[in-house]
Amino acid sequence: MMAEAESLEALLARMREAFSERQWDQTLELFGEFAAYSKVPRNMRVEASCLAARSMIALQNRPAARKLLSSVAGIEHAKAASYAHLAQAYMDLKNYREVVRLCERVIALEETAK
């Protein structure tokens, strides 16, 4: 179990690196590797999905990005970071109303944590 968690961490780190280097296709390829894992923690799945969606947006595939985001956006998340990742992806889609809603959720979670 620990080896799988470490592999997931490494995969997400590689995905972040590919995304930061604007290697959109590589980011999406790495995202596809998540399917090989039986259980991916929700926060990791959200971040990976958002990176993949943002890569799709960069490749001008907005419908696929919206579909991918809808699979993780309608779920209640316990961590503010998940909502922050979603807000960034929706910002790339220029869906500002959703960005505002997600940012308000981040603020509410951070105030609750204080």
Side-chain angles (χ1 to χ4, degrees):
M1 188 67 153
M2 185 59 110
E4 186 170 293
E6 290 172 0
S7 294
L8 280 168
E9 293 276 345
L11 178 57
L12 187 55
R14 289 175 40 218
M15 222 180 139
R16 287 179 191 131
E17 183 178 340
F19 182 82
S20 71
E21 294 174 358
R22 296 177 176 226
Q23 296 176 354
W24 315 127
D25 291 325
Q26 177 69 20
T27 303
L28 293 172
E29 185 178 311
L30 290 166
F31 179 68
E33 292 182 27
F34 275 91
Y37 294 91
S38 59
K39 190 171 183 180
V40 178
R42 185 183 297 179
N43 62 323
M44 292 179 93
R45 186 167 51 97
V46 170
E47 183 178 356
S49 296
C50 288
L51 290 172
R54 294 177 73 195
S55 295
M56 291 172 183
I57 295 164
L59 292 170
Q60 304 300 312
N61 192 350
R62 297 167 71 81
R66 280 189 208 96
K67 183 176 181 180
L68 178 58
L69 287 174
S70 71
S71 71
V72 292
I75 302 168
E76 193 68 26
H77 302 285
K79 297 182 179 180
S82 294
Y83 290 106
H85 291 301
L86 285 163
Q88 289 174 323
Y90 278 104
M91 181 66 86
D92 288 355
L93 280 171
K94 296 179 173 58
N95 184 337
Y96 303 119
R97 290 182 197 275
E98 190 63 10
V99 172
V100 169
R101 186 187 74 77
L102 292 164
C103 288
E104 288 172 344
R105 193 72 186 112
V106 169
I107 292 168
L109 284 170
E110 287 184 347
E111 287 176 352
T112 303
K114 288 182 181 178

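Numbering of residues begins at 1 and proceeds along the displayed sequence.
Rounding to the nearest 0.5 Å places CG of L86 at 5.0 Å from NE2 of H77. R45 CZ to S71 OG: the interatomic distance, rounded to the nearest 0.5 Å, is 6.5 Å. In this structure, SG in C50 is found 5.5 Å from CG in L69, a value given to the nearest 0.5 Å. Expressed to the nearest 0.5 Å, how far NE2 of H85 lies from CG of N43 amounts to 8.0 Å. Atom CG of D92 is separated from atom CD1 of I57 by 5.0 Å, given to the nearest 0.5 angstrom.
Residues A89 and R54 share a closest heavy-atom pair of CA-CG, 3.7 Å. Between V72 and S49, the shortest heavy-atom contact is CG1-OG, 3.9 Å.
The pair E98-R101 meets the salt-bridge criterion, since a charged nitrogen lies less than 4.0 angstrom from a carboxylate oxygen. Classification of E76 and R42 as a salt-bridged pair fails, no side-chain N sitting under 4.0 Å from a carboxylate O.
Within the 4.5 Å cutoff, side-chain heavy atoms of E33 are placed close to those of R14. Contact of the E47 side chain with the R16 side chain is registered, since non-hydrogen atoms from C-beta on lie closer than 4.5 Å.
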Assess the residue pair I107 and E111 against the criterion (side-chain contact (heavy atoms from CB on, under 4.5 Å)); give the C-alpha distance rounded to whole Å, side-chain angles, the decisive distance to 0.1 Å, and a yes or no.
CA-CA 6 Å; I107 292 168; E111 287 176 352; 3.6 Å; yes

For side-chain contact (heavy atoms from CB on, under 4.5 Å), just list the numbers for L93 and R62, CA-CA rounded to whole Å, side-chain angles, deciding distance to a tenth of an Å, and then say yes or no.
CA-CA 7 Å; L93 280 171; R62 297 167 71 81; 4.0 Å; yes

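Counting Ile, Leu, Val, Met, Phe, Trp and Tyr side chains that sit under 4.5 Å apart, directly or through other members, M15 shares a hydrophobic cluster with L8, L11, L12, F19, W24, L28, L30, F31, F34, Y37, V40, M44, L51, M56, L59, L68.
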